[in-house]
Amino acid sequence: MREWNLGKPTRQAYGETLAELGEEYPEIVVLDADLSKSTHTYIFGEKFPERFFNFGIAEANMVSAAAGLAASGKIPFCSSFACFMINKAFEQIRIGVAGSRLNVKFVASHGGISVGEDGFTQQSVEDIALMTTFPEFTIVVPADEFATKWTIRECVKHPEPVYIRTGRPRAPIIYDENTKFEWKGTKTLEKGEDVTIISYGLTLHMALDAHNKLLKKGIKSRVIDFYTIKPLDEETLLKASEETKGIVIIEEHLLNGGLGSMVARFLSDKNPCKIKTIGINDAYAESGKPDELFEKFGLTVENVVQKAEEIMSNGR
Amino acid sequence: MHKIEIQKIEKLQSIAKDIRKDVIRMTGEAGSGHPGGSLSCVEILVTLFFHIMRHDPANPEWKDRDRFLLSKGHGVPALYAVLAKCGYIDQNLLLTLRKFGSPLQGHPDKRFLPVLEASTGSLGQGLSIGVGMALAGKIDKKDHKVYVVIGDGESQEGQVWEAAMFCSFHKLDNLCAIMDYNKFQLDGAIKEILDIEPVVNKWKSFGWEVFEVNGHSFEELINAFEEAKKVKGKPQIIIAHTIKGKGVSFMEENNYFHGKAPTKEQKEEALRELGKDP
């Protein structure tokens, strides 16, 4: 199997990019809730102290204040761990930001179970599900430092509410400085026509590993980075459902409300095909190394390969 | 004390009476709504919009306008009536309150009425939204002020105190809160459900400049707002003691009218009390 070079954690790429953007965009203000050393917003804070506000451990106040700042023409980037910012301030996002479709960028780190040792209270396995409930929010999960850098630079250009999930551990490098992405798009990394594998964020490299393993078995898989969760790239999904025998989705998220459930709903309406979902099945995780947790919850390359083969074998 | 001309006070009193009649007509016509807490904040709103705040109905998006947030969003009939009186919205819209297709939603909704500074109605959030607006004013070195009316029951929300702590720490002297202290919340008397006393001491200990006034006295409200403008380095709050349902005898301190509209007969009786239009 391919050895992946580990790059920066996506949260670090976020913090560094944000600090670069500060000069170019005087409207950017950055809000954090006592986790700036973890979310890496502290870098912006050191460079632009007059535009950085540490709200202390008070997420609700932070999120509503972000709404007030956006209503006043600022571009607030609001950061904390996904669990705390979204779950604690869910209704503040709903009323203050989503209800008025304000230009607030929520960038939360510690998405998924790859948080690892800190345990379940810090691991967000439901952030995607929660954020997809907000009308017209754009949701992006970049897979590596280069994708993150592009995402942060690009999102500022779009005056709309955005949620970006970043991760805690170092992320396998999949892209480079020159990779072209499209806002609200997805990226097809392998063009096979037998079966489709979809993933995003810190499980994307597993999809690519599975692709190589399948290739050795004579199966050509299509691998798509669904870095944009919402709006759902319906065209790409329809093509995959028409051109390949089925779709495997692997994600570091609860099965309920994750990308897999969105894809299944969409395709069952438009063009039913075989869909296999891999994610966390109605549970919370625990302390451990990310790989140990991935193994326990079935987020493995072997599992992707097996599901792809099930689809190919015409079984159910 | 500021000397305020008697004619000015009489003018404000006359506006307040009109606003009260509008609130009764609107909620009566809608068949639902919150007349009690709308009537209690009438003088606060009238003082702000007709005497204190810097704003221009001909230019609602004026960047240097003072901002107004009704954090206790259920009192919005009073705000709609005031906005109509100022000329921000058509007076004829008032009787469409809460009806399908109306911009006058049951709680303030900026999607339908952009002249509102924010959508409010989930209690506890308005002060924090005001924090963001006050911060933006500071960053931009502007001198406009942010006024936020909060409820007394609303002060049970933890977020209010998150914002309270933040405002004083960040010396947001461009923010002034007003608590409409009508002593009741939906389920009953505040002192019986979860007393917020000693509320003046709470705000003082959070580092705010606190004023305590009769929230139906224009003289006292104007004086407090003028004094609040002079405060440097601290946020201010005016604890306005009010009467729920103020102005209509059978609604005053009658918490039945927290969230119940007057019937047709009650509406007529209330309007008689308030004095028919000339």
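Hydrogens, waters and symmetry mates play no part in the numbers below; they use all other heavy atoms, side chains included. Just so it is clear, the structure is predicted and the values come from calculations on it, not from any experiment. Numbered from 1 within each chain, the chains take letters A, B, ... in sequence-line order.
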Any ion pair linking A:Glu91 and A:Arg94 (charged N to carboxylate O, less than 4.0 Å)?
no

For chain B, which residues from residues 69-85 of chain A lie under 4.5 Å away (heavy-atom distances)?
A:Leu69, A:Ala71, A:Ser72, A:Lys74

Got a donor-acceptor contact below 3.5 angstrom from the B:Glu117 side chain to the B:Arg67 backbone?
no

Distance-only side-chain donor-acceptor flag, A:Glu251 / A:Tyr200, under 3.5 Å
yes

Side-chain donor-acceptor pair present, A:Gln92, B:Ser128, cut-off under 3.5 Å:
no

Please check this pair: side chain of B:Lys202 against backbone of B:Glu197, looking for a donor-acceptor N/O pair closer than 3.5 Å.
yes

Within residues 139-158 of chain B, contacts to chain A at heavy-atom distances under 4.5 Å involve B:Ile139, B:Asp140

Would you please say whether a donor-acceptor pair under 3.5 Å links the side chains of B:Thr96 and B:Ser102?
yes

Check the angle between the aromatic planes of A:Phe55 and B:Phe166 and answer parallel, tilted or perpendicular using the 30° and 60° thresholds.
parallel

So, A:Phe44 versus A:Tyr14, ring centres under 6.0 angstrom or not?
no

Sequence neighbours excluded, the answer for side chain to side chain contact (heavy atoms under 4.5 Å, CB included) partners of A:Pro135 is none

Evaluate the criterion ring pair (Phe, Tyr, Trp, His ring centres under 6.0 Å) for residue pair B:Phe225 and B:His51; output intermediate values, then yes/no.
CA-CA 10 Å; B:Phe225 280 121; B:His51 191 75; 9.5 Å; no

Given that the side chain runs from C-beta out, which part of B:Ala163 has a heavy atom under 4.5 Å from chain A: side chain, backbone, both or neither?
both

What is the distance from atom OG of B:Ser168 to atom CG of B:Asp173, rounded to the nearest 0.5 Å?
12.0 Å

Backbone of A:Ala108 reached by a side-chain donor or acceptor of A:Thr166 within 3.5 Å:
yes

Under the ring pair (Phe, Tyr, Trp, His ring centres under 6.0 Å) rule, what do A:Phe90 and A:Phe134 come out as? Steps first, then yes or no, please.
CA-CA 10 Å; A:Phe90 184 76; A:Phe134 297 129; 4.9 Å; yes

Residues of residues 103-116 of chain B within contact distance of chain A, non-hydrogen under 4.5 Å:
B:Lys110, B:Arg111

Most contact-rich option vs chain A, by heavy-atom pairs under 4.5 angstrom, among B:Ser119, B:Ala118, B:Gly132, is B:Gly132

Which one of A:Asp127, A:Ile86, A:Val162, A:Val97 satisfies the side-chain contact (heavy atoms from CB on, under 4.5 Å) criterion with A:Phe106?
A:Val97

